[in-house]
Q: 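The structure that follows is given in the form of structure tokens.
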Amino acid sequence: MAKLVVAGKANCPYYAKAELLADYLQANLPDFRVHKITQHPDKWEQWLHDICERNGWEHRESPIIWRELLGRGGKGLLLGGLNDFLEYAQQYYGITSMMLSEEMVDIAEENLQAYIEIEKEEEEIKSLIKPLQIWITSASAPTCYQLIPLLANGEVFGMTTEISIHLLDTDQFKEVLCGIVMEAEDMAFPLLRSISVHTEIDEAFIQADIVIILDDVLLNHAVQSLENYIREVSDICQVYAPLIEKNAKSEVKVISSGKTFINLKAMMIMKYGPSIKTENVIAVATSWESAAKATLARKLNMNAAGVKDVIVWGNISGCNYIDLSHAKLYGYDCAIWGPANFPRPVLNMIYDSEWIHSEFLSEQNSLSSRVRNCVGMLPAHAIATVLRYWYHDSPPGDIVSLGVLTEGQFCVPEGIVFSMPVRFQNGNWKVMTELEISETTQEVLGRLAHELVQEKLIALKEINEIHPYGADKITSENDLCQEMETLPTGSP
């Protein structure tokens, strides 16, 4: 069986003559097959160069025709151009083409028009499959490097959802970002439509469906005050929020992560971007959940995946409280056996209550150190987990800790971003206000809220100093004092 490949420019008259002759041979010869490749005139030279270089051929004109060696493998056998093909058809099959030059030109024009229409149709079909536009700020951070494979493998958004990832950072990290792009492209994820580098802030967040904020400040309390750090966070959000409002989609989801001021970043995005839906701005607390579960699992000599419903309250990257009152164990090897879905309360399984009240609670300092010093795998997994829950629901009955804007739940002051228990369902999250908490936990929550309200007041004070006539101006120091007097004091 003979199989010929005929390739050429869409507007080439000689290609038109060659393809019609090939069609005639295929229609009249039982063992003759033809495959045609049409290229746009603007792309032809590069395509021809690449195909010849790959096969070791010398050819400079349109069309190029070669014979495939069916059943033998290897590169094809180059026949040449139109004249070579005509000679081949005449010698082997006694057939030639009598097409006139005018006909060749007319068919070439039809070929070009058909090619343009087909290409346009393919682009329209591709546009119907709109990928999720994901923007990641401070993309040179290790967390971003670890996050990209998790987003692109299909487990987060589903195996039918394509994504486009946009890496945003300053120009000094452009080389790092280009390296990340190269690696991601080399991995050839089927669902990764594109990945691109952005260093111009004005073009940030265009058509964004998801914005992941990884920006951090370098903490050195010996050099700078808390007010300076909060001003730095506020300045970052003051740039991002208006751009998100202007360039992103109306239903954009904004995720605050990182190692410092996670709650504050989420709140300041809402402050500087009032049209961004508050329910679409969250702070990720899952890293702390995972670290606490791993600590409990080591104590009980079990798999950390079997520890559920640990709650992280308060300031995720600051003063927080790990609540075990609702935590459960699944698959724990002990004297009482049950089915795989049979839970055991953590507090009933840890008989050493002294360990809980002393070592575990004191170990929160080491937990804090572990979360802040992690290379990037843990926060990347946390972000991917929250996004998967947001798009596909959290497991039924499971508690997820999430930093959200408070509305007075659990007697926490309104208007701060506070980590509390939620569940994800139907693309939304809902605070689990039905959970019962003890008086002791309630007192702790009051003290935790104090730190976040202080951060908020300092941030608002900075805004007033920069914009003294803003609509939300706090008019005097007395306003600050009065608000501070209503808050609980102390630390957990």
Q: Quick check: closest heavy atoms across A22 and F32, and the distance to 0.1 Å?
A: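 Residues A22 and F32, closest heavy atoms: O-CE2, 4.0 Å.
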
Q: Does Y240 have K265 sitting over its ring (NZ/CZ under 6.0 Å from centre, angle to axis within 45°)?
A: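 Checked: cation-pi criterion not met.
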
Q: Got W390 and I282 here, is their nearest side-chain heavy-atom distance under 4.5 Å?
A: yes

Q: Just by modelled atom types, is the V34 backbone N or O under 3.5 Å from a matching donor or acceptor in the Q26 side chain?
A: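 Side chain of Q26 to backbone of V34, a donor-acceptor pair under 3.5 Å: yes, one is there.
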
Q: With a cut-off of 6.0 Å (strictly less than), are more than 12 heavy atoms of other residues, nucleotides or ligands near NZ of K249?
A: yes

Q: Write down the atom of I276, the atom of A241, and the distance for their closest heavy-atom approach.
A: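 So the two residues come closest at CD1-O, 4.1 Å.
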
Q: Sub-3.5 Å donor-acceptor pair from the side chain of T137 to the main-chain atoms of L168, do we have one?
A: no

Q: Taking the side chain as everything from C-beta on, heavy atoms only, tell me whether E183 gets closer than 4.5 Å to Y145.
A: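 They are in contact (side-chain heavy atoms under 4.5 Å apart), so the answer is yes.
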
Q: With no hydrogens and no angle check, is any side-chain donor or acceptor of T143 less than 3.5 Å from a backbone partner on P379?
A: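 Checked: no pair found.
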
Q: Using only heavy-atom distances, determine whether the side chains of S194 and S164 contain a donor-acceptor pair under 3.5 Å.
A: yes

Q: Between Y15 and T38, is any side-chain donor less than 3.5 angstrom from a side-chain acceptor?
A: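 Yes, side-chain donor-acceptor contact under 3.5 Å.
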
Q: Could you check if a side-chain atom of V417 sits within less than 4.5 angstrom of a side-chain atom of M270, using non-hydrogen atoms only?
A: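 The answer is yes, as the side chains (C-beta and beyond) meet within the 4.5 Å cut-off.
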
Q: Taking the side chain from S419 and the backbone from I316, do they hold a donor-acceptor pair closer than 3.5 Å?
A: no

Q: Is it true that W47 and E45 share a donor-acceptor pair across their side chains at a distance under 3.5 Å?
A: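 E45 vs W47: no donor-acceptor pair found between side chains.
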
Q: Between D309 and K328, is there a side-chain N and carboxylate O pair less than 4.0 Å apart?
A: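 Looking at D309 and K328, the cut-off is met.
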
Q: Taking S256 for its side chain and I262 for its backbone only, find out whether a donor-acceptor pair lies under 3.5 Å.
A: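 Side chain of S256 to backbone of I262, a donor-acceptor pair under 3.5 Å: yes, one is there.
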
Q: Using every non-hydrogen atom in the two residues, find where D209 and P131 come nearest and quote the distance to one decimal.
A: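 The answer is OD2-O, 4.0 Å.
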
Q: Considering all heavy atoms of both residues, which atom of L79 and which atom of D84 are nearest to each other, and what is their separation?
A: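 Smallest interatomic distance, heavy atoms only, reads O-CB, 3.1 Å.
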
Q: Just by modelled atom types, is the F424 backbone N or O under 3.5 Å from a matching donor or acceptor in the S394 side chain?
A: yes

Q: Count the heavy atoms belonging to other residues, nucleotides or ligands that lie under 6.0 Å from CG of N301, then report whether that count exceeds 12.
A: no

Q: With no hydrogens and no angle check, do the side chains of E245 and S275 hold a donor and an acceptor under 3.5 Å apart?
A: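 Checked: E245/S275 side chains pair up, N/O donor to acceptor below 3.5 Å.
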
Q: If we only count heavy atoms from C-beta on, is the L112 to P41 side-chain gap below 4.5 Å?
A: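 Of all side-chain heavy-atom pairs linking P41 with L112, at least one is under 4.5 Å.
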
Q: Is it the case that E87 and N83 place a side-chain donor and acceptor less than 3.5 Å from each other?
A: no

Q: Over 60° means perpendicular and under 30° means parallel, so tell me whether Y93 and Y88 are parallel, tilted or perpendicular.
A: perpendicular

Q: Using a cut-off of 6.0 Å, state whether more than 12 heavy atoms not belonging to F189 lie near its atom CZ.
A: yes

Q: So, the side chain of W135 versus the backbone of I206: is there a donor-acceptor pair under 3.5 Å, distance only?
A: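 Present.
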
Q: Does H326 NE2 have over 12 foreign heavy atoms under 6.0 Å away?
A: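 Yes, enclosed.
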
Q: Can any side-chain N or O of T406 pair as donor or acceptor with the backbone N or O of G415 at less than 3.5 Å?
A: yes

Q: With under 30° as parallel and over 60° as perpendicular, where do the rings of F157 and Y391 fit, or are they tilted in between?
A: perpendicular

